[in-house]
Amino acid sequence: MKITPRTLKGFRDFLPESMIPRERLMETARDVYRSFGYSPIDTPALEYLEILSGKGGEESDRLMYHFEDHGGRKVGMRFDLTVPLARFAAQHINELGKPFKRYHLGPVWRGENTHRGRYRELIQCDFDTIGVKSAVSDLETGLVIHDLLQAIGFEHFTIRVNDRRLLNGLLENLGLREQSAALLRALDKLGKIGPEKVAQEMMAVGGATQSQAEQVLQLASLSGDDASQLKQLAKLVGDSELGQAGVAGLEAVLQGARAAGVSTNCLQIDASIARGLDYYTGVIYETFLDDLPGIGSICSGGRYDNLAELYTKQELPGVGASLGLDRLLAAMEELGMLEKVGTPADVLLVYFSAAGLSDYLRLAAALRAQGVGVELYPEAKKIGHQLRYADRRGFPAAIIAGDDELARRECQLKNLSSGQSSTFPLDDTAAIAEAVKKCAAP
RNA sequence: GUGGCUAUAGCUCAGUUGGUUAGAGCACUGGAUUGUGGUUCCAGGGGUCGGGGGUUCAAAUCCCCUUAGCCACCCCA
């Protein structure tokens, strides 16, 4: 009786075809983060339960995988990278200095119900700047998102920016500060259920009056250029100090972004985004793909005033965002942006007979030293078989060097998409490497 | 967590009012072609019909339970 091979609900295997673009995406994220000066860190998958359940209480029990280890310690698996960052920062900030900019790519686990694009094990790609309150860091966070999406290959996307202080300032003005959580939750559904139902929910659940609900909804109906939108917002928040700070924050982000060359198409105010994380206190970002808005935000983040207050007396403000790798890959798949490749190598080296093995090994080593990925076929099967293998795996090229070629100290390089071959001296590995790279280029 | 839909070969699916040995396309392996892939032709392997229980002379087909997936809602650190 064999054990049925299967994976847990919400957990997935990745075949090369999906793992290759996945790794590429992570590499792109790392490159962009590094280009802004963020440094890599890592933290354990397991933490003491008390670290992770700091504020969640009962709710976190449902969401988090937790258990008792063999030493009787109560432990939990991290469900995001922000809480571990808070612990990490509280523990190490004196060695790190401020500001501290880090990126962190890694899996997190959530024991909640699964949906399309939502799994129990997922990769997060976070970057944060902690230890400073500067608006420059707020702005830079948006710039990273912008550069990241461009580096991945997106042209049509919208980074929506908002500021928590704006919303709270308005609510303060209206005397609704106490109910802000319920009201923001309602406001966040705007795109989904429309303004009328949002107003209804605000009145029913949030305790707002009709006119209060309408004023909150005005936030979401701005028009005109940056300056006039900011003017409208300033008017809405009136003399609320908090609200004015929010307007100023947004102004700084918009001006900076324009100075850095970010177009109005790619980054704009959307005062209705309110979603999520309770701990955000300032600027908020959410990013949508214009060609696939239904998939939701693929990169979100914002500013939080005191990341690590649960763990240290030191005040540690921060700002950052997180790329939802799995959701983004699902989107790219749907948009046909992922070409199917079954191999990461550039060329297949056909194996004729053991007599040529030393030459093959020497050639392969020389090509690899020049940055060309080479796969040597491991057995002397028929050439047709080996070429078919190369074709199906998506190799762009094959090197063919049988007894005849080797006797002449030559090899053939066959471009598998055009079908054309050319001959090179076996020793001229620089020329071969260059020709292979030409085949591999799109 | 609530409600609905679904599960047949590696993948996409057919399978009549319950009826005898469960099929197709693609993929895979071998051959036609002993040194040139993608096309074509031939052959082959691969299924306890998601799992368990029940009804029946007889179940892929009907009933119950369970697991997994999809959709909507709830929630979202």
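Here is the naming used below: chain letters follow the sequence lines, and residue numbers restart at 1 for every chain. Because only heavy atoms are used, hydrogens play no part in the values below, and waters and symmetry mates are left out as well, while side chains stay in.
Comparing the P positions of B/C63 and B/U6 gives an interatomic distance of 11 Å, to the nearest angstrom. Comparing B/U20 with B/A60, their C1' atoms sit 15 Å apart, to the nearest whole Å. Spacing of C1' atoms, B/U56 relative to B/U17, comes out at 16 Å, to the nearest Å. Taking atom C1' on both B/G51 and B/C13, the two are 22 Å apart, rounded to the nearest angstrom. With P as the reference atom, B/A9 and B/G18 are 23 Å apart, rounded to whole Å. With both ends at atom P, the span from B/C76 to B/G4 equals 25 Å, rounded to whole Å. Rounded to whole Å, the separation between the P atoms of B/A43 and B/G53 comes to 40 Å. Nucleotides B/G37 and B/G31 have their P atoms positioned 14 Å apart, rounded to a whole Å.
A residue-by-residue look at A/Lys189 and A/Leu416 shows that A/Leu416 has its nearest nucleotide of RNA chain B further toward the 5' end. Ranked by how close their nearest RNA chain B nucleotide is to the 5' end, A/Phe11 and A/Val83 are led by A/Phe11.
Judged by Watson-Crick or G-U wobble contacts below 3.5 Å, the nucleotide B/U2 has B/A72 as its partner. Nucleotide B/G37 has no partner under the Watson-Crick or G-U criteria, as no pair reaches both atom distances under 3.5 Å. With both pairing distances under 3.5 Å, B/U12 is matched to B/A24 as a Watson-Crick or G-U wobble pair. Base pairing analysis places B/A43 opposite B/U29; the two distances defining the Watson-Crick or G-U wobble pair are each below 3.5 Å. Across all strands shown, B/U55 forms no Watson-Crick or G-U wobble pair with both key distances under 3.5 Å.
Ion pair A/Arg22/A/Asp326 flagged as a salt bridge, since at least one NZ, NE, NH1 or NH2 atom sits closer than 4.0 Å to an Asp/Glu carboxylate oxygen. One finds no salt bridge joining A/Arg388 and A/Asp391 here, because no Lys/Arg side-chain nitrogen approaches an Asp/Glu carboxylate oxygen to under 4.0 Å.
Between A/Lys382 and the phosphate of B/G35, there is no side-chain N or O to OP1/OP2 separation shorter than 4.0 Å. Side-chain nitrogen and oxygen atoms of A/Lys381 include none within less than 4.0 Å of the OP1 or OP2 phosphate oxygen of B/U36. Within the structure, a side-chain polar atom (N or O) of A/Arg185 is placed less than 4.0 Å from OP1 or OP2 of B/C76. Checking the phosphate oxygens (OP1, OP2) of B/C75, no side-chain nitrogen or oxygen of A/Arg110 falls inside 4.0 Å. Applying the 4.0 Å criterion to OP1 and OP2 of B/C70, one finds that A/Lys9 has every side-chain N and O outside that range.
Atom pair A/Arg12:CZ and B/G69:P shows a separation of 11 Å (rounding to whole Å applied). Residue A/Arg392 contributes atom CZ, which lies 9 Å from atom C1' of B/G37 at whole-angstrom precision. Regarding A/Gln420, its CD atom lies at a distance of 18 Å from the P atom of B/U36, rounded to whole Å. We find that NE2 of A/His115 is positioned 8 Å from C1' of B/C75, with the value rounded to whole Å. Between the OH atom of A/Tyr280 and the P atom of B/C76 there is a distance of 15 Å, rounded to whole Å. Residue A/Tyr351 contributes atom OH, which lies 16 Å from atom C1' of B/G35 at whole-angstrom precision. Rounded to whole angstrom, the span from the CD atom of A/Glu379 across to the P atom of B/U29 amounts to 12 Å. Remark: P of B/G35 and CZ of A/Arg408 are 15 Å apart, rounded to the nearest angstrom.
Counting only N and O atoms by type, the side chains of A/Tyr280 and A/Asp305 include no donor and acceptor under 3.5 Å apart. Between A/Ser300 and A/Ser297, the side chains place a donor N or O and an acceptor N or O closer than 3.5 Å (distance only, hydrogens not considered). A/Tyr48 and A/Arg87 share no donor-acceptor pair across their side chains, judged by distance under 3.5 Å alone. Of the N and O atoms on the side chains of A/Thr429 and A/Asp427, not one donor lies less than 3.5 Å from an acceptor on the other residue. Side-chain atoms of A/Gln210 and A/Glu214 form a donor-acceptor pair, as typed in the model, at a separation below 3.5 Å. With no hydrogens or angles considered, a side-chain donor-acceptor pair links A/Arg78 and A/Thr43 at under 3.5 Å.
The A/Leu63 side chain lies nearest to B/A77 when the options are B/U2, B/A77, B/G35. You'll find that the side chain of A/Lys414 is closest to B/U36, out of B/U36, B/A27, B/A77. Among B/G37, B/C75, B/G35, the nucleotide with an atom closest to any side-chain atom of A/Arg388 is B/G37. Of the candidate nucleotides B/G37, B/C76, B/G30, B/C76 has the atom nearest to the side chain of A/Arg118. Closest to the side chain of A/Gln412, from the set B/G1, B/G37, B/G35, is B/G35. Here the nucleotide nearest the side chain of A/Thr114, chosen from B/C28, B/G35, B/G69, is B/G69.
The base of B/G37 sits with one of its N or O atoms less than 3.5 Å from a complementary donor or acceptor on the side chain of A/Asp391. Residue A/Gln386 places no side-chain atom within donor-acceptor reach of the base of B/G35, judged by atom type and a 3.5 Å distance cut-off alone.
A/Glu405 comes within contact range of at least one nucleobase, with a heavy-atom separation under 4.0 Å. In this structure, A/Tyr389 reaches neither bases nor backbone, as no heavy-atom distance under 4.0 Å exists between it and the strands shown. When heavy atoms are screened at a 4.0 angstrom cut-off, A/Ser421 is found touching no nucleic acid atom at all. In this structure, A/Asn113 reaches the bases: a heavy-atom distance under 4.0 Å links it to at least one base atom across the strands shown. If you check every strand for non-hydrogen atoms under 4.0 Å, A/Gly10 touches sugar and phosphate atoms only.
Scored by the side chain to side chain donor-acceptor pair (under 3.5 Å) test, A/Asp346 finds no partners at all (sequence neighbours excluded).
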